Visitor: 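Mind having a look at this structure? Questions to follow.
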Amino acid sequence: QVQLVQSGGGLVQPGGSLRLSCAASGFTLDYYLIGWFRQAPGKVREGVSCTSSSSDDSTYYVDSVKGRFTISRDNAQNTVYLQMNSLEPEDTAVYYCAARRPGPFTVQTMCVDLLSDYWGQGTQVTVSS
């Protein structure tokens with residue numbers, strides 16, 4: 001069965017850190033573009049960060065998280081991560097991981113146009129004092 005299973009998330013104070021994990025099963029992640037997306041209450045889903053397959057080296061971050069969030073993958077574990085530092089209340093949202101087969105588009109396009117073949121189940125991140 002093909003799926004992405006997320007873990008991590010929770011409640012953190014402003015300025016704190018969290019790491020989200022996304023484990024793939026039923027397919028091998030290293031061929032896929034991967035991304036993290038989020039949806040805050042009353043807002044549309046947005047791409048937070050997307051990165052290319054292991055054979056390439058392209059990464060996109062939305063401006064609001066540049067310098068604070070880092071996307072990475074561990075091919076041996078078939079898992080992707082989102083390290084989130086210096087969290088702000090505006091980062092509060094449900095976060096989703098995603099995987100997309102390569103095609104005639106950039107990692108930025110994957111994030112902006114929400115391109116995905118598979119989605120994780122979502123995990124809540126709440127930044128509040």
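Bear in mind that the values here come from a model prediction, so they are computed numbers and not experimental data.
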Visitor: Measure across Leu20 and Gly8 and return the closest heavy-atom pair with its distance rounded to 0.1 Å.
Guide: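 Leu20 and Gly8 have their closest heavy atoms at CD2-C, 3.8 Å.
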Visitor: Does a side-chain heavy-atom distance below 4.5 Å link Leu114 with Phe37?
Guide: yes
Visitor: Would you indicate whether the side-chain heavy atoms of Tyr32 and Tyr118 approach each other to under 4.5 Å?
Guide: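 Yes, at least one pair of side-chain atoms sits under 4.5 Å.
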Visitor: Where do Gln124 and Leu11 land on the side chain to side chain contact (heavy atoms under 4.5 Å, CB included) test, with the steps shown first?
Guide: CA-CA 8 Å; Gln124 178 69 46; Leu11 173 65; over 6 Å; no
Visitor: Identify the heavy atoms of Ser72 and Ile34 that sit nearest to each other, and give their distance.
Guide: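 Heavy atoms of Ser72 and Ile34 come nearest at O-CD1, 4.2 Å.
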Visitor: Please report the interatomic distance CD(Glu46) to OG(Ser64), rounded to the nearest 0.5 Å.
Guide: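 The OG atom of Ser64 is 5.5 Å from CD of Glu46, to the nearest 0.5 Å.
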Visitor: Set out, in order, the CA-CA distance, both residues' side-chain angles and the distance that settles side chain to side chain contact (heavy atoms under 4.5 Å, CB included) for Gln1 and Ser25, then state yes or no.
Guide: CA-CA 7 Å; Gln1 182 180 2; Ser25 61; 5.9 Å; no
Visitor: Which distance, rounded to the nearest 0.5 Å, do you find between the CD of Gln6 and the SG of Cys97?
Guide: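 Rounded to the nearest 0.5 Å, the CD-SG separation comes out at 4.0 Å.
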Visitor: Mind checking whether Asn85 and Leu87 have side chains closer than 4.5 Å, heavy atoms only?
Guide: no
Visitor: Report yes or no: do Tyr95 and Arg38 form a side-chain donor-acceptor pair below 3.5 Å?
Guide: yes
Visitor: Hey, any chance Val2 and Leu29 share a hydrophobic cluster, counting ILVMFWY side chains that come within less than 4.5 Å of each other, even indirectly?
Guide: yes
Visitor: Can you confirm whether Gln13 sits close enough to Val127 that some side-chain heavy atom of one is under 4.5 Å from a side-chain heavy atom of the other?
Guide: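 Side-chain contact under 4.5 Å: no.
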Visitor: Looking only at atom types and distance, does a side-chain atom of Asp74 sit under 3.5 Å from a main-chain N or O of Ala76, one as donor and one as acceptor?
Guide: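 Yes, because the side chain of Asp74 sits within donor-acceptor range (under 3.5 Å) of the backbone of Ala76.
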Visitor: Quick one: does Tyr61's side chain get under 4.5 Å of Val48's, heavy atoms only?
Guide: no
Visitor: Ring of Tyr81, cation from Arg19 - is the NZ or CZ under 6.0 Å from the centre and inside 45° of the axis?
Guide: yes
Visitor: Tell me whether the rings of Tyr96 and Trp119 are parallel (<30°), tilted (30 to 60°) or perpendicular (>60°).
Guide: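 Plane angle over 60°, so perpendicular.
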Visitor: Checking side chain to side chain contact (heavy atoms under 4.5 Å, CB included) for the pair Asp91/Met84: CA distance, chi angles, key distance, verdict?
Guide: CA-CA 9 Å; Asp91 296 316; Met84 304 184 293; over 6 Å; no
Visitor: On a heavy-atom basis, which atom in Gly35 and which in Ile71 lie closest, and how many Å separate them?
Guide: CA-CD1, 4.2 Å
Visitor: Any sub-3.5 Å donor-acceptor pair from Gln121's side-chain atoms to Val5's backbone N or O?
Guide: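 Looks like no, no N/O pair under 3.5 Å.
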Visitor: Is there a path of hydrophobic side-chain contacts, each under 4.5 Å between heavy atoms of I, L, V, M, F, W or Y residues, that connects Val44 with Tyr60?
Guide: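 In one cluster: no.
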Visitor: Okay, side chain of Glu88, backbone of Pro14: is any donor-acceptor separation there less than 3.5 Å?
Guide: no
Visitor: Which atom names give the shortest non-hydrogen contact between Ala24 and Leu4, and what distance separates them?
Guide: CB-CD2, 3.6 Å
Visitor: Would you say that Ser49 contacts Phe69 through its side chain, given a criterion of any heavy-atom pair below 4.5 Å between the two side chains?
Guide: no
Visitor: Is there a side-chain contact between Leu18 and Val125 in this structure, where contact means two heavy atoms from C-beta onward sitting under 4.5 Å apart?
Guide: yes
Visitor: Are Thr59 and Thr51 close enough that a side-chain donor and a side-chain acceptor fall under 3.5 Å?
Guide: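 The criterion, which ignores hydrogens and geometry beyond distance, is satisfied for Thr51 and Thr59.
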Visitor: Provide the closest heavy-atom pair for Gln83 versus Ser17 in the form atom of the first, atom of the second, distance.
Guide: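 Nearest pair, atom of Gln83 first, then Ser17: NE2-CB, 4.0 Å.
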Visitor: Find the distance between CG (Asp117) and CZ (Arg100) and round it off to the nearest 0.5 Å.
Guide: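 Interatomic distance, Asp117 CG to Arg100 CZ, rounded to 0.5 Å: 5.0 Å.
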Visitor: Phe27 versus Asn78: any side-chain heavy-atom pair under 4.5 Å?
Guide: no
Visitor: Please answer whether the main-chain N or O of Val112 pairs with a side-chain N or O of Gln108 as donor and acceptor at a distance below 3.5 Å.
Guide: no
Visitor: According to a hydrophobic-cluster definition based on side-chain heavy atoms being under 4.5 Å apart (Ile, Leu, Val, Met, Phe, Trp, Tyr only), do Tyr31 and Met110 belong together?
Guide: yes
Visitor: Run the side chain to side chain contact (heavy atoms under 4.5 Å, CB included) test on Val94 and Thr123 for me, step by step, so that the C-alpha distance in whole Å, both residues' side-chain angles and the decisive distance to 0.1 Å come before the verdict.
Guide: CA-CA 5 Å; Val94 177; Thr123 186; 5.9 Å; no
Visitor: Taking Val62 as the starting point, is it possible to reach Phe105 by hopping between hydrophobic residues whose side chains are less than 4.5 Å apart?
Guide: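 In one cluster with Phe105: Val62, yes.
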